[in-house]
Amino acid sequence: MNVIYFAWVRERIGIPQETVETDAVTVKDLIAELRAREARYDAAFSDTTALRVALDQELSDFDAPLAGVREVAFFPPMTGG
Amino acid sequence: MTVRVQSDHFDAGAELNCFAQGCGDIGAVVSFTGVVRDTQGNLREMLIEHYPGMTEKAIKTIVDEAKKRWDLADVLVIHRYGPLAVGAPIMMVATAAAHRAAAFAAADFLMDYLKSRAPFWKKEVTEQAETWVAAKDADEDALKRW
């Protein structure tokens with residue numbers, strides 16, 4: 001699946017997006033996999049209360065299943081307007 | 001209904017003059033324009049990042065919800081991204097309705113939701129630092145009144 005990062009999440013991880021091969025069942029599982037990879041991922045995902053997630057461009061939550069999802073995006077709370 | 005997500009400058013006055021033309025029974029037009037503020041007196045520019053694809057969808061969902069709640073003849077939302085200078089317009093909403101109560105309420109609703117549910121992120125750039133603007137609890141709380 002395609003994993004996209006925005007704002008400080010993108011800066012902390014150091015790339016805007018990547019293709020991730022995963023068997024993660026939920027968003028939480030995917031986060032755990034990413035955190036185990038490298039310190040920069042671990043730092044970016046250390047406080048999930050400061051993060052939001054979108055699945056296929058719809059806001060979702062960390063317990064949501066990933067079955068059939070093609071695009072996961074992680075970002076801080078939005079500051080539009 | 002018009003939704004535009006763009007890096008280009010826009011002229012809020014010109015947009016408003018063209019808004020809701022030919023829409024029939026309109027007694028009230030309300031508009032809001034958000035402008036880049038220099039709160040500390042040292043802002044070089046504001047950088048706005050967004051999520052292409054999701055941004056347009058999220059704004060349309062918010063506008064559709066406003067149209068369900070109020071009888072609106074027309075709605076305009078413009079939101080910019082990229083580097084913006086102090087004083088530049090960031091975004092605008094305009095609503096047209098038969099009466100002002102619906103036009104005001106819908107514009108207020110749109111602003112509250114665009115702030116916290118449209119995927120934009122603001123970064124303030126000064127000579128000294130680049131800082132992501134943090135979302136305020138008050139902005140999230142504002143959604144509860146709807």
Side-chain angles (χ1 to χ4, degrees), chain A residues 1-20 22 24 26-27 30-31 34 39-81, chain B residues 3 5 32-37 46-62 77-81 84 89-93 107-125 129-143:
Chain A
M1 66 180 59
N2 194 26
V3 182
I4 314 180
Y5 310 108
F6 290 100
W8 60 254
V9 185
R10 171 178 54 73
E11 290 178 342
R12 233 167 259 186
I13 291 173
I15 47 171
Q17 62 179 306
E18 61 186 316
T19 303
V20 175
T22 178
T26 66
V27 175
L30 174 63
I31 289 174
L34 292 170
R40 59 195 168 110
Y41 289 94
D42 192 36
F45 289 105
S46 61
D47 178 11
T48 51
T49 63
L51 289 176
R52 301 290 180 269
V53 62
L55 302 181
D56 289 332
Q57 305 191 349
E58 296 269 356
L59 266 186
S60 189
D61 56 71
F62 296 110
D63 293 320
L66 290 175
V69 170
R70 291 190 295 191
E71 185 170 289
V72 180
F74 293 105
F75 42 79
M78 295 160 267
T79 52
Chain B
V3 172
V5 179
F32 170 88
T33 305
V35 174
V36 177
R37 283 175 75 197
M46 178 169 275
L47 281 174
I48 299 184
E49 184 169 322
H50 81 115
Y51 185 171
M54 180 174 169
T55 307
E56 293 80 358
K57 275 194 244 176
I59 296 174
K60 281 182 181 137
T61 302
I62 294 166
V77 177
I78 303 173
H79 204 304
R80 297 175 68 193
Y81 60 88
L84 302 181
I90 302 172
M91 54 85 63
M92 78 176 284
V93 302
D108 208 10
F109 171 90
L110 288 168
M111 284 312 307
D112 278 349
Y113 272 84
L114 288 169
K115 249 192 151 26
S116 305
R117 291 292 182 271
F120 291 96
W121 299 275
K122 293 193 183 101
K123 184 190 227 184
E124 291 176 343
V125 181
E130 298 191 0
T131 315
W132 289 102
V133 174
K136 295 187 188 79
D137 290 341
D139 293 336
E140 191 64 30
D141 290 344
L143 302 184

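Within every chain, numbering begins at 1; the chains are lettered A, B, ... in the order of the sequence lines, protein sequences first and strands thereafter.
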| said: Can you confirm whether more than 12 heavy atoms, excluding those of A/Asp47, are under 6.0 Å from its CG atom? | reply: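 Yes, enclosed.
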| Any idea which heavy atoms bring A/Leu51 and A/Phe62 closest together, and the distance? | O-CZ, 3.6 Å
| field | Selection from B/Gly34, B/Ser116, B/Ala58 maximising heavy-atom pairs under 4.5 Å formed with chain A | value |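 Most heavy-atom pairs within the cutoff with chain A belong to B/Ser116.
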| Of the listed residues (B/Lys136, B/Arg117, B/Arg80), which shares the most heavy-atom pairs with chain A below a 4.5 Å separation? |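 Looking at each option in turn, the highest pair count goes to B/Arg117.
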| message | Quick test of your reading of the model: are B/Glu49 and A/Arg10 salt-bridged, counting only N-O distances below 4.0 Å? | response |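 Between A/Arg10 and B/Glu49 there is a salt bridge, with a charged N closer than 4.0 Å to a carboxylate O.
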| request: Flag the pair B/Lys123 and A/Glu11 as a salt bridge only when some basic side-chain nitrogen lies within less than 4.0 angstrom of an acidic carboxylate oxygen. | output: yes
| task | Side chain from CB out, backbone as N, CA, C, O: work out which of these in A/Ala7 comes under 4.5 Å of a heavy atom of chain B, or both, or neither. | result | both
| request: Measure distances from A/Arg52 to the heavy atoms of chain B and classify the residue's part below 4.5 Å as side chain, backbone, both or neither. | output: neither
